[in-house]
Every structure is written in structure tokens, then in C-alpha cells.
Amino acid sequence: MKNIIWKLLRKHVSASQLTGFALANLVGLTIVILAVQFYLDVKPVFADEDSFISKDYLVITRAITGTGALMGSGSEFADSAIATLQQQPWCRQVGRFVSSDFAISATVGVGSGRAMRSQFFFEAIPDEFIDVNADQWGFNPARPEVPVIVSRDYLSLYNFGFAATQGMPRISEGQAGMIPLSFTFSGNGLTENMPGRIVGFSNRLNTVIVPQDFLTWANERYGTRQPRLPQRLIVEVSSPGDVKIEQFMTSHRYEVAGDKMSSSKANYFLMLIIGIVISVGIIISLLAFFVLMLSIYLLLQKNTRKLQDLLLLGYSPGQVARPYVVMVLAINAAVLVLAIALMLAARLYYKGTLAALGVTGASVLPAMAVALTIMGLITAVNVLAIRRRVAALWMQ
């Protein structure tokens, strides 16, 4: 029975139209799921705190003019300026850098009884802005020891600059916590020694960070005890790469440390490109869907007389519609399988590059689920349209 119905109805089936639909839908679906899979594969880079495309933290200062440098003023951030910054739509939170207000000298043992001694400085920021997970971060005056987080650039500068030219031993990050370190604090008529320990290295902060509670205690004990405005701020932004950030910084004569603005733009454009690619894929899939719907309606229109005759002969609407439903299911199933295969092949092409960057990639199941959902929806609408059209002929 099925073969008889199919033989009667297949005369007006246009292979070129169905092939065009299949190819268009294949291209659109492949683009969509490939973009989804690529985003999932690079998502760990977005989530990594040390990555340039993670949520951004900008360290900003005021631009120093010639007059300001000579007068020693004009580089602080007043409370009103900080409040204006916090009111910006792209600003999540602002942290203030607190600087040491007393004399510090540091003694660092570098092996074989040798030690380096130098004038030093400390800064502190709220803990939520620190990108190092230190187990013993904090300060207890009853058991004084100063935990220190140092910029990773400082370690590289010592290893490949100073140590390489002075015959000093090089230090790994793992060895840094075992290096003998002591500080001498002077101020308010006091001179005291205190041991210290390097607990981590930061990619985000190009300075020497100590716990905020320690620096508050030390400034009160050794410092001038005069209130001081911050000269640097750290800002967490919610929309990296937003042109409004750069416009705000330029109009207020603020400077951003390092190349964070360039990194933010890279993040912004990467997300924009991924969004555009997914949008193009969805548009192509929608166009392919409408091409198939048009083909089906034209096919049903050409076979209207035959369909009505079959219905009058006693065939049910479901039996009459079944050949078209099977055809749609077969085409969409083939498109689904080929799209997943093309996505996996393309993923193998770029996965080597990601592996070289230390990114292992994500599971392909979510992208497959997206493909199955899209094709399931398209197939369901196609089948519903066919059944409704045949049912309308039956009602006539």
C-alpha cells in the first residue's frame, strides 16, 4: 500500500529543490553548532582569572602632567571622582590601593649565605580583587608575619635580568615561599623587624601586595597617621571592550596600566564575531526551512487531485501524508548526521591550536543537543504543516 501511494505521489517531487534545502540547512546547522562548540571549547579561557578574556580588572591612575609632577599633586582620586566612576553602567565595583606610609627595607636571602637588601614599599587592595588563592593570607599582630603577593613580572625580571648577569641563583615560584625574607619598619620613633613570606605571584597586579588589615595596622603604628587619598584604583568592568570605557578614561584623563584596554577590545570583538557567526547560521537555517516549506506546499498543490482521489478511495489522511513525512524525516536526519560530522571534523582542525594554548576543550554533547533540538523543531513544524494540508484536503 505504501509503495502504491508513493508511486502515485512521487511524480512531482523535485530532487533539485529538496537538494537545495538539504544543502542550505546543512550549511546553516553546521555553522550554528560549530560556533556553539567553539565557544564551549574556549569557555575555560573566559573563566580563567589570569586570562586576558576573563572578566576584566583595570588598574587606573591619573595622567601626570609636567606641572603636577613638579608640584607633587594632582594624582589622587577624590571621593567624588570615585563616586562618579562607580555610577558608570559598565563599572561593577571599585577598589582603592592603600600605600605604605612609612620606611621599609627588605632583606632577601638568595642562598650560600648571600642576601640582598633594598628599600621597599607595600600596597593593599580589598581581597576580592586579588587573583591568588593564598592559604595563609591575613595578619595576626600576636604572631607577626607578613604574607606578600608579588607581581610575576618581578620574578621574571630577577631571574632573567639581575640573576643572569650577577651570577645569582634563579628562583622558581615553588621555591619562592621558602626564601628567607625579613622587613625592617621605621617610623614614629620605632624601628622593628618582622619576618615575611612570599605566598603567591599575581598576573593582574604589577606591585607588591600585603593584606589590607596588616597595612592598616602598620600605617597606624609607623606612619604619619594622616588621611591620604588613593593614587591608584582597580576597577572591575562588566562589559570588556565597551567603547564607553575608553571614552570615559580619555575624557577624565585617566590612564589604564598595561595593555588591558587592547585585551578588552580583543575580548569584545571575539564575542561579537561569535554572535555574528551564530546569527548567520540561524538565518541560513531559517531560510532553508522556508525553502522546504515552500517546496512541500508546491508539491502538495501539484498533487492535490491525486491526494483527493486517494482520500475518496478510503485512505486515511495519515496514510496519504505518510510518504511526505517519511521523506522529510529522511532528509532532516541526513542533514543532522552530516552537520555533526562536519562540526567534529572542523573541531579536530582547530583543537590542536587550542591544545597548544593549554585548552583541552569541552564535551561535544551540548552542541549535539543543540543540533538535535533545531532539527527536531524544524521536522516537527514540517510534519505538522504536511498533516494540516492533507487534513484540509480531506475536509474539502
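Here the structure is a predicted model, which is why all the values come from computation and not from measurement. Scope of the values below: all heavy atoms of this structure, side chains included, with no hydrogens, waters or symmetry mates.
A salt bridge between R228 and D101 is present, with a side-chain N of the basic residue lying under 4.0 Å from a carboxylate O of the acidic one.
Here F139 pairs with F214, W217 under the ring-ring contact (aromatic ring centres under 6.0 Å, His included) rule; sequence neighbours left out. Listed by chain and residue number, F120, F122 satisfy the ring-ring contact (aromatic ring centres under 6.0 Å, His included) test with F183 (two or more places apart in sequence, or in another chain).
F185 and Y222 have tilted rings, their planes meeting at an angle from 30° to 60° on a 0 to 90° scale. Ring geometry, F248 versus W90: the interplanar angle exceeds 60°, so the pair is classed perpendicular (tilted spans 30 to 60°).
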Practice task
Kindly indicate, with the supporting measurements, whether the criterion side chain to side chain contact (heavy atoms under 4.5 Å, CB included) is fulfilled by T184 and T191.
Solution key: CA-CA 7 Å; T184 300; T191 299; 3.8 Å; yes
Practice task
Output, in order, the C-alpha distance, side-chain angles, deciding distance and verdict of side chain to side chain contact (heavy atoms under 4.5 Å, CB included) for L58 and I245.
Solution key: CA-CA 10 Å; L58 306 179; I245 299 177; 3.9 Å; yes
Exercise for the section: In sequence, state the C-alpha distance, the side-chain angles, and the governing distance for L205 and I149, and then conclude on side chain to side chain contact (heavy atoms under 4.5 Å, CB included). Expected result: CA-CA 9 Å; L205 305 166; I149 294 175; 5.9 Å; no
Exercise for the section: Could you go through the side chain to side chain contact (heavy atoms under 4.5 Å, CB included) check for L26 and L342 one step at a time? Expected result: CA-CA 9 Å; L26 176 63; L342 290 175; 4.1 Å; yes
Practice task
Apply salt bridge (charged side-chain N to carboxylate O under 4.0 Å, His left out) to K351 and D41, showing your working.
Solution key: CA-CA 9 Å; K351 194 175 179 181; D41 285 335; over 6 Å; no
Practice task
Kindly determine whether R232 and E123 satisfy salt bridge (charged side-chain N to carboxylate O under 4.0 Å, His left out), including the steps that lead there.
Solution key: CA-CA 10 Å; R232 295 205 296 170; E123 286 187 299; 2.5 Å; yes
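Taking every heavy atom of both residues into account, A362 and R347 meet most closely at O-NH2, 2.7 Å. Smallest separation of non-hydrogen atoms from F97 and V59: CE1-CG1, 4.0 Å. In plain terms, the two heavy atoms of P211 and P147 that are nearest each other are CD-O, 3.3 Å. Counting all heavy atoms, side chain and backbone alike, Q88 lies closest to T84 at NE2-O, 2.9 Å. The two residues A367 and L40 make their nearest non-hydrogen contact at N-CD1, 4.4 Å. Across N188 and G223, no two heavy atoms sit closer than the pair ND2-O, 2.8 Å.
With rounding to the nearest 0.5 Å, the separation of CE in M368 from CG in L336 is 9.5 Å. The distance from atom CD of Q231 to atom CD1 of I60, rounded to the nearest 0.5 Å, is 13.0 Å. Here S186 contributes atom OG and N193 contributes atom CG; the two are 8.5 Å apart, rounded to the nearest 0.5 Å. Here Y57 contributes atom OH and I125 contributes atom CD1; the two are 9.5 Å apart, rounded to the nearest 0.5 Å. With rounding to the nearest 0.5 Å, the separation of OG in S363 from CD in Q37 is 7.0 Å. The CG atom of L372 sits 11.5 Å away from atom CG of L365, with the distance rounded to the nearest 0.5 Å.
C91 places none of its side-chain heavy atoms less than 4.5 Å from the side chain of V237. Residues Y154 and N206 are in side-chain contact: their nearest non-hydrogen atoms beyond the backbone lie under 4.5 Å apart. Proximity of W137 to I209: side-chain heavy atoms (C-beta onward) are separated by under 4.5 Å at one or more points. Taking 4.5 Å as the limit, some side-chain heavy atom of P230 sits within range of a side-chain heavy atom of I82. Contact check for T379 versus L329: side-chain heavy atoms found under the 4.5 Å cut-off. Proximity of F38 to M343: side-chain heavy atoms (C-beta onward) are nowhere separated by under 4.5 Å. Counting only heavy atoms from C-beta outward, the side chains of R96 and L233 approach each other to under 4.5 Å. Side-chain contact check for M375 versus L29: some heavy-atom pair is nearer than 4.5 Å.
The cluster map of Ile, Leu, Val, Met, Phe, Trp and Tyr, joined by side-chain heavy atoms under 4.5 Å apart, puts V337 and V328 in different clusters. M194 and L190 fall within a single hydrophobic cluster, where Ile, Leu, Val, Met, Phe, Trp and Tyr are joined by side-chain heavy atoms under 4.5 Å apart, directly or via other members. Note: the hydrophobic cluster containing L85 does not contain L229 (ILVMFWY, side chain heavy atoms under 4.5 Å, direct or indirect links). When the side chains of ILVMFWY residues are joined at heavy-atom separations under 4.5 Å, either directly or via intervening members, V326 and V383 end up in two distinct hydrophobic clusters. No chain of hydrophobic side-chain contacts below 4.5 Å, direct or via other Ile, Leu, Val, Met, Phe, Trp or Tyr residues, connects F160 to L155.
Cation-pi geometry between R62 and Y254 is not met: the NZ or CZ atom fails to fall both under 6.0 Å from the ring centre and inside 45° of the normal.
Sorted by first and then second residue, the salt bridge (Lys or Arg N to Asp or Glu O under 4.0 Å) pairs with a member in residues 185-196 read E192-R221; sequence neighbours excluded.
With 3.5 Å as the limit, one finds no donor-acceptor pair spanning the side chains of S202 and R152.
Using a distance-only test at 3.5 Å, with no hydrogens or angles considered, no donor-acceptor pair links the side chain of D127 to the main chain of Q212.
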